[in-house]
Structure formats: C-alpha cells, structure tokens
Amino acid sequence: MKKKTKAAILASVASVLLVGVALLKKLRRRRRELPRAPYVNHAAEREEYINSVLHGSERHCVNQLRMKPIAFHHLCHTLTEGEHVRPTVHMSVTEQVFIFLHIIGHNVRFRVMGSRIYRSTETVNRYFKIVLRGVLKLYRALIRLRSEDTPPEIRNSRRFYPYFKDCVGAIDGTHVRASVPPEIQGRFRGRKDGTTQNVLAAISFDLKFTYVLAGWEGSAHDSRVLNDAFARPGGFSIPNGKFYLGDAGYGNKNGILSPYRSVRYHLKEFSDRPPENAQELFNLRHSSLRTTIERGFGVVKKLMSKGKEKVSGSKQFRWLPPMHEMMLKILTEEAGKGNKPFNTFRAGSFALVAKEITAHFGVECHPVFVENRMRTLRSMWATIQELRRKSGFGWDENLKMITCDAKTYQEEVMAHRKHAEYLNKKIEFYDKLAIVMGKDTATGGFAKSGVDIENEPDNGDNGDSAEFVADNVEECVVEKGKNANESSTTGSGISKSRKRGRAASNADDSVLTDLSDQLKEIAVALKEINRGPVDYTTLYNEVMAMMADGYSEDMLATAFDHLCENEKTARGFLAKNARLRKLWLDGYFFSQI
C-alpha cells in the first residue's frame, strides 16, 4: 500500500510539472506573437525634421520659425562668430537656435518641443537658456544711439521745428505678460489684468529702439522704473542739451520733457475743438510727436501676435445680444465658483463660454473672442463708473439708469458723443456686469446667519464691545452731563443752601467736564485702535475718483504711490472731503514740478 501511495503522489507531481511546463511554453509563444513598436532612429528623425523646415519652402520656414532660411543662417553665424553660442558634442548650433526660435515663435512648452525632436525636457530647457543669453548679448550690436543731430522728422516739419529741435526720441512704459510663482504674484499685478512686467523703452522717430529695461513688477510706477534706469551702471543716458518726450507720469526733469498738467493732451480730445491757448497747442504738438513710441510698441506687439495662430481668419466675430447675455450668465456663475482670483477670470472660464456659444448658436467661437469682448466690456464699465461719479448725474437703482437733466446731458454729449448711450437709458444686465467687471474685495468674514448667532457661545463681553463703547461713549457722557445739570439746578429754595448748592454744582460741572474730556480721549483712542491698516483698495478707488476733476490717470497713479508709502498721509487723504482732496493733490503735483 505504501508503495502504491508513493507512486500515486509522484505521478501527480509529474503531471503538475508537465502542465506547468506546457503553460510556460504557451505564454512564451504569446509574447513572441505580440507586436513590438518599430525601431525609430531618433537622431535621423530629428535631422530630417529640421532639414524639412530649413530646406523646404520659404513660407514653411517662416511659419515654423518666424523668419526666412537666409535670416536663420545669418543669425546662427552671428551667434557663432561672437562665441555667444557654441556647438557641443550632443547638439549643433543650428539645432539650438532652431529650438529657441520654435519655442518663442509659437509659445510652445519645453515638454512639447522635446517630444517633437526626441530630446528630454531638461535638455530643451538648458539649450533654450543658452541661446537666450546669446541673443541678449547682441544688444550692443543691434541697439545703437542715433547721432545728436536734429532728426529729419522734426527738421522737415514746420509744426515741430524749431520748438523740438533738441528732441531725440520718446520714452514710455508698456506692460508685458509675466508668468511668476504664486507667492510673488501680488507684486506683478497693477492696473492691467493678470500678472505683468513694466517695460521701459526709449525709441527714436524712425521707430528704432535705443534703450529697453524689462523685468520691473507690474505694480511699479513708470517714474520709479525710469529712476532705476538712470541709476543703473551703464544704464539710460541722455546726451547733454538733448531731451526725450515723456508723459505726465514722468514729470519734468533733466532730459525729460512732459506736457502741461490739467490741460487737454490726447489727440482725440482735440477732435471736436481745436487748441484755444498756447498750453493746449504745446500739448497737441507734444502728443502728435510722442505717438512715435505708441507706434513702436504697436509694431512689436503686431510681430508678437503673428506667433499665435489666427483662429478667426480675416473675419471678426459678431456678438449678438443673446450671446452677450449667455456670456455674462456663465461668467457670473464662474465668479461664484471662485474662478475669478485676483479679479481675473481663469482661462478655463473663457473656454467654457466659447464652448457653450458654439454649441447653442452653431457658430465657431474661440476663447480669444471672449477675451476681446471682455476688453470692450471693461472699457464700457469704466465709462459707466466715471459717469456715476461725476457731479450733476444721478443713479436710479430700480431702473439701473444714470439720470441727468437736459442741460447736463447736452454738455456731456457735446464733450463725449459716445456717452449718450449710457445716459437716461436702462443699462442692460447691470447686476451681472457688476459681478463680472467689478473688483469684489469682500471676504464674507463678518457674515452671520441666525444659526451662527444661535450657536455662538455666550461669553459675555468680547472684542466687539470695545467698538460699541468707542461709538457710544460720547453720547453717554453728554446724557450724563445733561442729567447732572438738571439735578444740580433743582434746589429746595432755602436761601442758606443756595450758595452751597451753587458751589456743589460748580464742582460737579468741573468733575463732569474732566470726566467727559477723558472719556472722549478714550473714545478717540479706541476708534484709532479699531481702525486697523489702511484699505488700499478703497484708497485707490478714492484717488482715481478724482479723474472727474480733470486729473489724468498717470498723475493720480503717482499720487497713489506716494500715499501708499506714507500711511499717515493716506489716512488724512481719506478723511478729507472732495474740496480738500483737490487742494492736497494740487499742492502735491506742484511740489513735483
């Protein structure tokens, strides 16, 4: 029996082993039958792709690299000759420059570019920075000062010569998008949407840049950037006896000529009414000549915009009223969901609007159309708020309408023809516009419901009692003094006690007066303690509200920066009425001349 059992066990083990061997052979056959990815020669594929761009059609090269092949090879030669970019064992100069131009021409991410040419993200990033530093080193060769002779654009014009014969160019600042870490984004948020850098540029009248300073945070004022440009070693310099034209934000200083303040300046302001005095004539000539810097920025931005795909072709998107309503509805919901951080909508919100409009109206809508529409609405919202702040205009909350009498209406329309559409007419979707376009700084920290109050622990007096005392202590003092005076004047009519009563009354009055003064001082101190830090959003809105009195935005921005640096002065400004604020601004601007 034992032999039979042992034989049976061995037979079972052998059977299991045979089955296992058969399964292993079957699995190996399946693995051999699975298709493998074809072998790709990465180096050959990369070289073929680069050659197809550089040696293909000229138009294809311009579309991919934003320059013709002859310009590309000339750039490579210039960078190599100056030893700004060198070939390495792993990558040639041609490929390095190719990667750089492709990325900046199409705003391509390093990861995407790496997968296209079979390079790692780290490799693309490293060589991109090498070429970027090399291109920046060409600054001395590309940006040169013109001669100190009078520019022909001035010499050949009777409007400008000889009044501007010593002018060599114009300066201004422009805001360029900047991608920065979240912890420092606040410093890069200024008057423009999103995070930007404030770039200072000087340009000659033949549209050639003579100086550029980039990298300043978007919240910095133009005058501060200019002062830094002057202070830098080898920075911005102006030949002796020459000057540049600048806007009112820079102020008049050695080498910078600004226009008259509180006088018409921009060209559109003279469209309906010609200059009426010497100052307005000077400002008109100044503005006409300084538009050179705006044209220079326009050319650069136009070249930059060519790097983006034209999704609209040659046609503009037409916004119908139902589309406008849908956009505001969606963006209102997005703002409620928290997709409007720092008063700027996320890109996904614009994409959602474009998707919904495309689905509902059967048209091809892209996020760029929504962004352009937002710019129009932002301008319209600024006009509405400006009109509401002007004297002579009222506001009907029920009808959502700016109201004014016939005389005020006629004067406003004569000065600003486009404002007619906002006066004595209902503003459609005003509440949604207020949410979408307004700057909401509320946090909801003070909101309470009945349930919240019911669930609060009853701890007796808390910190809020100090505020209550500060607001009501003076009223209590006055009431106590009144009662004390009334009680002191009620006597028994006995002649002997009249003198004692009068003396006691005088003593009580003296004590109450001292007590009243002390309590008032306590009230003022408590109010001061509870005031907390200056609300700079409120300060900014109050300063910019003075535009209704004829101040330019640049002038008020300078005053706002000054107030931010002087907290006591800012508190005093907020405490003043409109007339005193105007007096303070006039004095401040006079001191800056």
With a cut-off of 6.0 Å (strictly less than), are more than 12 heavy atoms of other residues, nucleotides or ligands near [atom1] of [X]?
| X | atom1 | result |
| --- | --- | --- |
| Asn254 | CG | no |
| Arg378 | CZ | yes |
| His90 | NE2 | no |
| Tyr163 | OH | no |
| Arg86 | CZ | no |
| Asn240 | CG | no |
| His74 | NE2 | no |
| Ile70 | CD1 | no |

What is the ring orientation for Phe297 with Phe209, classed by angle as parallel under 30°, tilted 30 to 60°, or perpendicular over 60°?
tilted

Aromatic plane relationship, Phe236 with Phe230 - under 30° parallel, 30 to 60° tilted, over 60° perpendicular:
parallel

Within this structure, what is the [atom1]-[atom2] distance for the pair [X] and [Y], rounded to the nearest 0.5 Å?
| X | Y | atom1 | atom2 | answer |
| --- | --- | --- | --- | --- |
| Leu289 | Leu257 | CG | CG | 10.0 Å |
| Arg571 | Glu567 | CZ | CD | 4.5 Å |
| Trp584 | Phe573 | CH2 | CZ | 6.5 Å |
| Thr383 | His419 | OG1 | NE2 | 4.5 Å |
| Ile203 | Glu294 | CD1 | CD | 10.0 Å |
| Leu132 | Lys137 | CG | NZ | 11.0 Å |

Does some side-chain heavy atom of [Y] sit less than 4.5 Å from a side-chain heavy atom of [X]?
| X | Y | value |
| --- | --- | --- |
| Asn566 | Leu563 | no |
| Asp222 | Leu200 | no |
| Met327 | Trp319 | yes |
| Thr94 | Leu54 | yes |
| Tyr265 | Tyr260 | no |
| Asp172 | Leu245 | no |
| Asn198 | His175 | yes |
| Arg581 | Met546 | yes |

Examine distances only and state if a side-chain atom of [X] and a backbone atom of [Y] form a donor-acceptor pair shorter than 3.5 Å.
| X | Y | result |
| --- | --- | --- |
| Gln197 | Gly215 | yes |
| His106 | Asn63 | yes |
| Thr150 | Lys165 | yes |
| Thr123 | Arg119 | no |

Among residues at least two apart in sequence or on other chains, which ones pass ring pair (Phe, Tyr, Trp, His ring centres under 6.0 Å) with Trp216?
none

[X] and [Y]: which non-hydrogen atoms are nearest, and at how many Å?
| X | Y | answer |
| --- | --- | --- |
| Ile435 | Ala335 | CG2-CB, 4.0 Å |
| His221 | Ala557 | CD2-CB, 3.7 Å |
| Pro367 | Ala351 | CG-CA, 3.9 Å |
| Ser258 | Asn252 | N-OD1, 2.7 Å |
| Glu334 | Ser349 | OE1-OG, 2.9 Å |
| Ser219 | Arg189 | CB-O, 3.6 Å |

Start with the C-alpha gap between Tyr49 and Phe98, add the side-chain angles, then the distance that decides, and say whether ring pair (Phe, Tyr, Trp, His ring centres under 6.0 Å) holds.
CA-CA 11 Å; Tyr49 171 64; Phe98 183 93; 5.8 Å; yes

Would [X] and [Y] count as having a side-chain donor-acceptor pair, cut-off 3.5 Å?
| X | Y | answer |
| --- | --- | --- |
| Thr195 | Arg177 | no |
| Ser379 | Thr376 | no |
| Thr88 | Tyr127 | yes |
| Gln385 | Arg389 | no |
| Asn107 | Arg109 | yes |
| Arg375 | Asn372 | yes |

Under 4.0 Å between a side-chain nitrogen and a carboxylate oxygen: does that hold for [X] and [Y]?
| X | Y | value |
| --- | --- | --- |
| Glu421 | Lys418 | no |
| Glu95 | Arg46 | yes |
| Arg264 | Glu269 | no |
| Asp228 | Arg224 | no |

Would the His73 and His77 ring centres measure less than 6.0 Å apart?
no

Tyr250-Tyr244 aromatic ring centre distance below 6.0 Å:
no

Set out, in order, the CA-CA distance, both residues' side-chain angles and the distance that settles side chain to side chain contact (heavy atoms under 4.5 Å, CB included) for Leu226 and Ile256, then state yes or no.
CA-CA 10 Å; Leu226 177 61; Ile256 304 296; 4.2 Å; yes

For a side chain to side chain donor-acceptor pair (under 3.5 Å) check, start with the C-alpha distance between His102 and Gln64, then their side-chain angles and the critical distance, and finish with the verdict.
CA-CA 6 Å; His102 197 285; Gln64 295 299 317; 3.3 Å; yes

Side chain to side chain contact (heavy atoms under 4.5 Å, CB included) between Leu580 and Lys582: does it pass, once the steps are laid out?
CA-CA 5 Å; Leu580 295 178; Lys582 190 174 186 300; over 6 Å; no

Working note: Val353 + Leu331, criterion side chain to side chain contact (heavy atoms under 4.5 Å, CB included); need CA distance, chi angles, decisive distance, verdict.
CA-CA 8 Å; Val353 173; Leu331 291 181; 3.8 Å; yes

Passes side chain to side chain contact (heavy atoms under 4.5 Å, CB included), Phe100 versus Val135? Steps please.
CA-CA 10 Å; Phe100 174 79; Val135 171; 4.0 Å; yes

Can you see whether Phe160 has Arg285 sitting over its ring - NZ or CZ less than 6.0 Å from the centre and within 45° of the normal?
no

Under the side chain to side chain donor-acceptor pair (under 3.5 Å) criterion, do Arg159 and Ser288 qualify, and how do the steps go?
CA-CA 10 Å; Arg159 295 178 61 203; Ser288 300; 3.1 Å; yes

